[in-house]
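See structure below.
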Number of protein chains: 2
Amino acid sequence: MYHGGMGRKPKIAGALRELMVARGHHAWTLEELRQALAVRGLQANFSSVFRATAKLETDGVVRRVELDDGRTHVEMRDEHHDHLRCRICGEVTPVPCGSLSAALAGLESTTGFLITDHRLVLSGTCPSCQERAALPAKPASPAAVPS
Amino acid sequence: MYHGGMGRKPKIAGALRELMVARGHHAWTLEELRQALAVRGLQANFSSVFRATAKLETDGVVRRVELDDGRTHVEMRDEHHDHLRCRICGEVTPVPCGSLSAALAGLESTTGFLITDHRLVLSGTCPSCQERAALPAKPASPAAVPS
DNA sequence: CTTCGTGCAAACATTTTGCACAAAA
DNA sequence: TTTTGTGCAAAATGTTTGCACGAAG
């Protein structure tokens, strides 16, 4: 016995757009999107999130990007940018790729390739995690410093 | 009834190294490696290729890179470089990333990130595929020119 | 003996699709 | 009615691990 359409709270795709334009987070995995919807009171199935984002992609609203954690991420499709990902906290920050353009133009002429797209994933440590790493593990227990 | 060790033709890892240093191909998927071994007469199991490459990675001989086709690729670990991938024929060409270094240094100071690694995947059309696309589908049927 | 590399199968993680069905048009 | 969006289950895809076992030391 199926109960698919259920109450069918109107729309997942719409809620996803609201979520993603609200920012605070930049590149979402499908599971992150599903959980964020749940927090907002919309219990959606993973498949539905998958299909809703697929539709948003078709409509040109979002773009799918592969960062380096094996899962696909979805982001709003504003102007092109690259990605800075902190290896410690995992947060993804967009960065403009202006300084790259010149380098790409040079590559086109030296390689003969027609470059139609690029994706630059930068890995490193974000400022907050650098601070955290610089501090003793806890001021309260200075003897607990690991190395 | 298992017959695991079989004849155990000496070594997969060694054969993989030979394959990969021989070049002609740059970034290999595990399946590509397995097939290439088969052509050379070494029937290896996918898992064995997986583990052999894992070992090579641990030994610092190869590196794993995620290009944009969903599968993991393996490449020899010489100096760092970026990747040009043709969207038509799929061939991957390494390119030096010298011109990028300056841009990265600039990003470090403007973002506060400590950038420890990067991966640039360029997509486009390689020279051969550009030629192929520019030609009429076949010289024998000039009326078949698409646009 | 122990260690290592291997084949095979199964587990695992993630993405995608098939099907039924409710709501909307 | 048809179309669309949905839940659920299962398939598809790619990666990883468990286990037996032969070869090497």
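Only this structure's heavy atoms are used, side chains among them; waters, hydrogens and symmetry mates stay out. Letters A, B, ... are given to chains in the order of the sequence lines, protein chains preceding strands, and every chain is numbered from 1.
Here the P atom of nucleotide C/dA10 and the CG atom of B/Asn45 are 13 Å apart, to the nearest Å. Whole-Å rounding puts the B/Glu57 CD to D/dT16 C1' distance at 13 Å. For A/Arg71 and C/dC12, the CZ to C1' distance is 14 Å, given to the nearest whole Å. Nucleotide C/dT14 holds its C1' atom 14 Å from the CZ atom of A/Arg34, rounded to whole Å. The CD-C1' distance, from B/Glu66 to D/dT15, rounds to 12 Å in whole Å. Taking atom CG on B/Leu16 and atom P on C/dT6, their separation rounds to 9 Å, with Å as the unit. Atom pair B/Leu37:CG and C/dG5:C1' shows a separation of 14 Å (rounding to whole Å applied). Atom pair B/Arg64:CZ and D/dT15:C1' shows a separation of 8 Å (rounding to whole Å applied).
Counting distance only, with no hydrogens placed and no angle test, the side-chain atoms of A/Arg51 and the base atoms of C/dG18 include a donor-acceptor pair under 3.5 Å. In this model, a side-chain donor or acceptor of B/Ser47 finds a partner on the base of D/dT17 within 3.5 Å.
Annotation: side chain of B/His83 is in contact with side chain of B/Glu75 (closest heavy-atom distance under 4.5 Å). Annotation: side chain of A/Asp82 is in contact with side chain of A/His118 (closest heavy-atom distance under 4.5 Å). Side-chain contact between B/Met76 and B/His26 is absent, with no heavy atoms from C-beta onward closer than 4.5 Å.
Listed for the A/Glu32 side chain is no donor-acceptor partner under 3.5 Å among the backbone atoms of A/His73.
Listed nucleotides D/dT6, C/dT6, D/dT15 differ in distance to A/Ile12; the shortest reach to its side chain belongs to D/dT6. With distances taken from any side-chain atom of B/Ala44 to the nucleotides D/dG7, D/dG5, C/dG7, the minimum falls on C/dG7. Side chain of B/Phe46, nearest nucleotide from D/dT16, C/dT15, D/dT6: D/dT16.
Between A/Ala52 and B/Leu30, the residue anchored closer to the 5' end of DNA chain D is A/Ala52, taking for each the nucleotide with the nearest heavy atom.
A/His80 and A/Cys97 make their closest contact through CD2-SG, 3.2 Å (heavy atoms, listed as atom of the first residue, atom of the second, distance).
Applying the 4.0 Å criterion to OP1 and OP2 of D/dG7, one finds that A/Ser48 has a side-chain N or O inside that range.
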